[in-house]
> 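Below are the structure tokens for one structure; questions will follow.
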Amino acid sequence: MYNEVIRFIRETFNEPEAFVPLHAPYFGGNEKKYLLDTIDSTFVSSVGAYVNRFEEMMASITGAKYAIAITNGTTALQLALVLAGIRRDDEVITQPLTFVATANAITHSGGIPVFVDVDKDTMGMSSKALESFLTEYAEVRDGQCFNKQSGRRIAACVPMHTFGFPCRIDEIAALCDTYKIALVEDAAESLGSYYKGQHTGTFGLMGTFSFNGNKTVTCGGGGAIVTNDEKVAQHAKHLSTTAKIPHPYEFVHDEVGYNYRMPNLNAAVACAQLEQLSIILDNKRALAEIYNSYFAGKDIQFVTEGTDARANYWLNTVVLKDLEARDAFLNETNGSKVMTRPIWKLMNKLPMYAHCQAGDLTNSLWLEDRVVNIPSSYRP
Ligand SMILES: *Cc1c(COP(=O)(O)O)cnc(C)c1O
């Protein structure tokens, strides 16, 4: 039934027979050179020139005042929530349609996830759903937000820009402002994605990024926190480096810190990758345009950026007619060694998050049954 789509994807990747991956990393620049530099320098761990350079590059790319290099996207989000003041049993509002790391990072920070629905078009947190949840359950007392049903503090909100498609983040930021909730964007998937001309991850107190092997650019494993707040930036660096007071030889630490700073080995690869970011983004956009024309008029809908958004087209996304069509598509493509993947199972359906409070999740449930990612690698 989907033979023609399979043939088209193979043609697009110039791969007549072999396995077509969902998203392979592309190393076309100075990766090996910088990696050898770090080994020659012996500064392989988290003190090193590339770590600092990576931070400068991330600040410049996102337009944030500060960027802090972190070991990965999950620890970056956990640390950002700790920095935002999450205390044990505070609630953190997020979306149920996300990679499990979002909810896990909330839990690692001591928080309890609460799920509100996504928009059908962006697949990211819905400002309308957030507003109706807050209208029904939230109450601001002494400059802090509380959940009238659970009695707990609602300390933060973590929207996620699904597959690099920006959600309506300006409206979410305005709601967080009104309700005195810290906004921390999980921008792990949206490096190079903008909303109304502003880079994702820069609309709230902090934004976090991932450089895992499957992301738009990668350094094996890596992450970053970006912020415009100088105090938060300094605290992020302090906490991520065991909260050590600088001293030439003594061990003095003034908080329970973390060992979360990105090693120089990884930062070297990250710098080389960021140097090629615009080439990679152009290449991915060209692929998305090819897909968009191909799927036009077919009963498979290709997802495009909204009018206010510029997406990085990290993972190209299609929406099938229903669950049956989705399953047939997944079976046939993967059976033909063309890798495709369904969107995540909703977080509130996983055993560890089944007890969490959730709003009306109509759109998330609808998307869960229909959304599939198709091959999206850089094409040399
Ligand atoms: C990849 C990803 C993360 C986690 O990043 P890691 O670097 O793999 O820890 C977090 N949130 C989302 C939405 C992601 O896609």
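In this text, all values refer to a predicted model and were calculated from it rather than measured experimentally. For ligands, and for the atoms within them, numbers begin at 1 and follow the listed sequence. Computation of the quantities below employed the complete heavy-atom set of this structure, encompassing side-chain atoms and omitting hydrogens, waters and symmetry-equivalent molecules.
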> Which residue, Lys196, Arg310, Lys284, Arg285, forms the salt bridge (charged side-chain N to carboxylate O under 4.0 Å, His left out) with Glu305?
Arg285
> Could you grab the distance from atom CG of Leu315 to atom CZ of Arg341, nearest 0.5 Å is fine?
9.0 Å
> Going by distance alone, is a donor N or O of one side chain under 3.5 Å from an acceptor N or O of the other, for Asn316 and Ser376?
yes
> Can you list the ligand 1 atoms lying under 4.0 Å from a non-hydrogen atom of Asn212?
7 (O), 8 (O)
> Is the closest basic N to carboxylate O distance between Arg152 and Glu91 below 4.0 Å?
yes
> Starting from atom 5 (O) of ligand 1, locate the nearest protein heavy atom and write down its residue, its atom name and how far away it is, to 0.1 Å.
Ser210 OG, 3.2 Å
> Give the atoms of ligand 1, by number and element, whose distance to some non-hydrogen atom of Asn72 is under 4.0 Å.
7 (O), 9 (O)
> Would you call Lys237 and Glu55 a salt bridge, using N to O less than 4.0 angstrom?
no
> With a 6.0 Å cut-off on ring centres, are Tyr378 and Phe13 close enough?
no
> Considering the heavy atoms of Ala188, write down every atom of ligand 1 situated less than 4.0 Å from one of them.
2 (C), 3 (C), 10 (C), 11 (N), 12 (C), 14 (C)
> Could you find the nearest protein heavy atom to atom 1 (C) of ligand 1 and give me its residue, atom name and distance?
Lys215 NZ, 1.6 Å
> So which heavy atom in the protein is nearest atom 4 (C) of ligand 1, and how far is it from that ligand atom?
Thr74 OG1, 3.5 Å
> Could you list the atoms of ligand 1 found under 4.0 angstrom from a heavy atom of Thr102?
11 (N), 13 (C)
> With a 6.0 Å cut-off on ring centres, are Tyr353 and Trp344 close enough?
no
> Short N/O distance, under 3.5 Å, between Met160 and ligand 1?
no
> Is ligand 1 under 4.0 Å from a heavy atom in the side chain of Asp186, in the backbone, in both, or in neither?
side chain
> Side-chain donor-acceptor pair under 3.5 Å between Gln95 and Thr162, yes or no?
yes
> Are any of the N/O atoms in Thr98 less than 3.5 Å from those in ligand 1?
no
> In the protein, which heavy atom is nearest to atom 10 (C) of ligand 1, and how far is it?
Ala101 CB, 3.5 Å
> Identify the protein heavy atom lying closest to atom 15 (O) of ligand 1, giving its residue, its atom name and the separation to 0.1 Å.
Glu189 OE2, 2.5 Å
